[in-house]
Amino acid sequence: MAYERFIKTYTQGVTNVTEIWVDKQTGVNYVFHMSGYAGGLTPLLDKDGKPVITPVNN
């Protein structure tokens, strides 16, 4: 099995999908949203505009 860098920690929706993915190397959280054939990925930011970081175990 190949090393998986990202882990999905949250999912919502069927046709309009919103997911949160965590980078297991850096702990940075990303929001992925897909609607139909379009989608996008962006870092999840806190109220100060800084990336949300989940502690990771190396």
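The model shown is predicted, which means the values in this text are computed figures rather than measured ones.
A donor-acceptor pair under 3.5 Å links the side-chain atoms of Asn29 to the main chain of Val52, judged by distance alone. In this structure, His33 contributes its side chain and Gly39 its backbone to no donor-acceptor pair below 3.5 Å.
Residues passing the side chain to side chain donor-acceptor pair (under 3.5 Å) test with Thr9: none are found, sequence neighbours excluded. Under the rule for a side chain to side chain donor-acceptor pair (under 3.5 Å), Thr11 has no partner lying at least two apart in sequence or in another chain. With sequence neighbours excluded, the residues forming a side-chain contact (heavy atoms from CB on, under 4.5 Å) with Tyr30 are Phe6, Asp23, Val28, Leu41, Pro43, listed by chain and number.
No side-chain heavy atom of Gln12 sits under 4.5 Å from any side-chain heavy atom of Ile20.
Nearest heavy atom pair, residue Glu4 against residue Lys24, reads O-CE, 2.6 Å.
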Item to complete: For side chain to side chain contact (heavy atoms under 4.5 Å, CB included), just list the numbers for Thr26 and Ile53, CA-CA rounded to whole Å, side-chain angles, deciding distance to a tenth of an Å, and then say yes or no.
Response: CA-CA 8 Å; Thr26 63; Ile53 298 178; over 6 Å; no
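Taking Ile, Leu, Val, Met, Phe, Trp and Tyr as members and joining any whose side-chain heavy atoms lie under 4.5 Å apart, directly or through other members, the hydrophobic cluster of Ile7 also contains Val22.
Sorted by first and then second residue, the salt bridge (charged side-chain N to carboxylate O under 4.0 Å, His left out) pairs involving residues 11-21 (not counting sequence neighbours) are Lys8-Glu19. Legend: side chain to side chain donor-acceptor pair (under 3.5 Å) pairs involving residues 35-52, not counting sequence neighbours, sorted by first then second residue: Asn16-Ser35.
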